[in-house]
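Read the structure below first, then the notes.
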Amino acid sequence: TDRAGVIPRKPRPGGGSVRKPAYQRILLKLSGEALMGRKAFGIDEEILAGLSKEIREVTEMGVQVALVVGGGNIFRGIGSGRNLGIDRASADYMGMLATVINSIALQEVLEQNGVDTRVLSAIELRAIAEPYIRRRAMRHLEKGRVVIFAAGTGNPYFTTDTAAALRAMEINADAILKATK
Ligand code: UDP
């Protein structure tokens with residue numbers, strides 16, 4: 001397969017080549033650090049724009065895309081919490097909110113690139129995102145919308161890798177792809 005997970009087909013006699021996607025539905029996990037690029041903190045706009053274009057190309061092939069975004073570029077429960085001397089569970093909630101910040105950034109840039117998106121949050125944030133409802137997520141995917149799962153699993157003491165595995169199982173994804181730094 002090539003970089004986009006696509007099996008290149010031989011050219012058809014007398015016609016163009018048909019590229020059939022290897023997967024129908026994928027879950028892509030982006031770590032917070034993947035959004036950071038060469039910055040020491042936060043989000044790199046060029047990385048965000050590049051990712052959005054690649055995600056758009058994949059959706060244009062007819063692949064349904066769900067995203068789980070980490071938060072380590074902004075706040076990570078264990079390390080950042082310990083430095084501040086705060087309770088682990090509270091620090092983890094801060095980490096989950098960091099994933100929401102990244103999810104909204106990704107949503108905005110995807111939409112600017114013409115991709116229809118929905119952010120579904122595991123922690124209720126009514127003014128910002130839809131609540132996570134499995135059947136709703138499936139419906140969005142069937143309609144070709146990119147679904148962004150924010151706030152991890154909604155539980156402290158977990159990571160967004162767990163959220164990626166959990167959501168991938170829930171939505172019957174064909175593959176989990178993980179992009180870290
Ligand atoms: N987190 C959590 N529960 C979850 C997902 C994330 O408590 O289900 C918190 C945890 O503190 C974690 C932080 O959110 O360190 C950011 O997520 P993660 O470290 O997975 O981000 P990444 O390393 O992918 O950037």
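Just so you know, ligand 1 is whichever comes first in the structure, and atom 1 is the first atom listed for that ligand. Computation of the quantities below employed the complete heavy-atom set of this structure, encompassing side-chain atoms and omitting hydrogens, waters and symmetry-equivalent molecules. Each residue takes its place number in the sequence, starting with 1.
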> Is any NZ, NE, NH1 or NH2 atom of the basic residue among Arg56 and Glu60 found under 4.0 Å from an Asp or Glu carboxylate oxygen of the other?
Replying inline: yes

>> Tell me which pairs pass side chain to side chain donor-acceptor pair (under 3.5 Å) where either residue lies in residues 112-128, with sequence neighbours left out.
In response: Gln107-Thr117, Glu111-Thr117

> With atoms numbered from 1 as shown, which atoms in ligand 1 lie under 4.0 angstrom from a non-hydrogen atom of Gly70?
Replying inline: 21 (O), 22 (P), 24 (O), 25 (O)

>> Checking the N or O distance criterion of under 3.5 Å, is ligand 1 in contact with Gly152?
In response: no

> Quick check: does any side chain N or O of Arg134 sit under 3.5 Å from a backbone N or O of Glu170, one acting as donor and the other as acceptor?
Replying inline: yes

>> Suppose I only count heavy atoms of Gly72 and a 4.0 Å limit; which atoms of ligand 1 are within that range?
In response: 21 (O), 22 (P), 25 (O)

> Hey, any chance Leu84 and Ile101 share a hydrophobic cluster, counting ILVMFWY side chains that come within less than 4.5 Å of each other, even indirectly?
Replying inline: yes

>> Within the structure, is a non-hydrogen atom of Met94 found at a distance of less than 4.0 Å from ligand 1?
In response: no

> Polar-atom distance check: Thr160 versus ligand 1, any N or O pair below 3.5 Å?
Replying inline: yes

> Going by the atom numbers of ligand 1, which of them fall below 4.0 Å from some non-hydrogen atom of Thr153?
Replying inline: 4 (C), 8 (O)

> Would one find an N or O of Asn155, backbone or side chain, under 3.5 Å from an N or O of ligand 1?
Replying inline: yes

> With a cut-off of 4.0 Å, which atoms of ligand 1 are near a heavy atom of Gly32?
Replying inline: 22 (P), 24 (O), 25 (O)

> Which protein heavy atom lies closest to atom 24 (O) of ligand 1, and at what distance to 0.1 Å?
Replying inline: Lys29 NZ, 2.6 Å

>> Could you identify the single nearest non-hydrogen protein atom to atom 23 (O) of ligand 1 and state the distance to 0.1 Å?
In response: Arg76 NH2, 2.6 Å

> Can Arg38 and Asp44 be counted as an ion pair, charged N to O under 4.0 angstrom?
Replying inline: no

> Nearest heavy-atom pair of Thr153 and Ala122: which atoms, and what distance?
Replying inline: C-CB, 3.7 Å

> What residue and heavy atom of the protein are closest to atom 2 (C) of ligand 1, and at what distance?
Replying inline: Phe158 O, 3.0 Å

> Who's the nearest protein heavy-atom neighbour of atom 10 (C) of ligand 1, and how far?
Replying inline: Asp92 OD1, 3.4 Å

> Side chain, backbone, both or neither: which part of Ala163 has a heavy atom under 4.0 Å from ligand 1?
Replying inline: neither

>> Just to verify, what does Phe75 make a ring pair (Phe, Tyr, Trp, His ring centres under 6.0 Å) with, not counting sequence neighbours?
In response: none

> Less than 3.5 Å between some nitrogen or oxygen of Pro156 and one of ligand 1, yes or no?
Replying inline: no

> Is the closest basic N to carboxylate O distance between Lys39 and Glu45 below 4.0 Å?
Replying inline: yes

> How far is atom 5 (C) of ligand 1 from its nearest protein heavy atom, and which residue and atom name does that atom have?
Replying inline: Thr159 C, 3.4 Å

> Purely on distance, is any nitrogen or oxygen of Gly71 under 3.5 Å from one on ligand 1?
Replying inline: yes

> Is there a donor-acceptor contact under 3.5 Å from the side chain of Asp174 to the main chain of Gln24?
Replying inline: yes

> Which one of Gly154, Gly95, Ser90 has a non-hydrogen atom at the shortest distance from atom 13 (C) of ligand 1?
Replying inline: Gly95

> Does Asn73 use its side chain to pair, donor to acceptor, with the backbone of Gly42 at less than 3.5 Å?
Replying inline: yes

> Which residue holds the protein heavy atom closest to atom 12 (C) of ligand 1, what is that atom called, and what is the gap in Å?
Replying inline: Gly77 N, 4.0 Å

> Taking the side chain from Thr160 and the backbone from Ala163, do they hold a donor-acceptor pair closer than 3.5 Å?
Replying inline: no

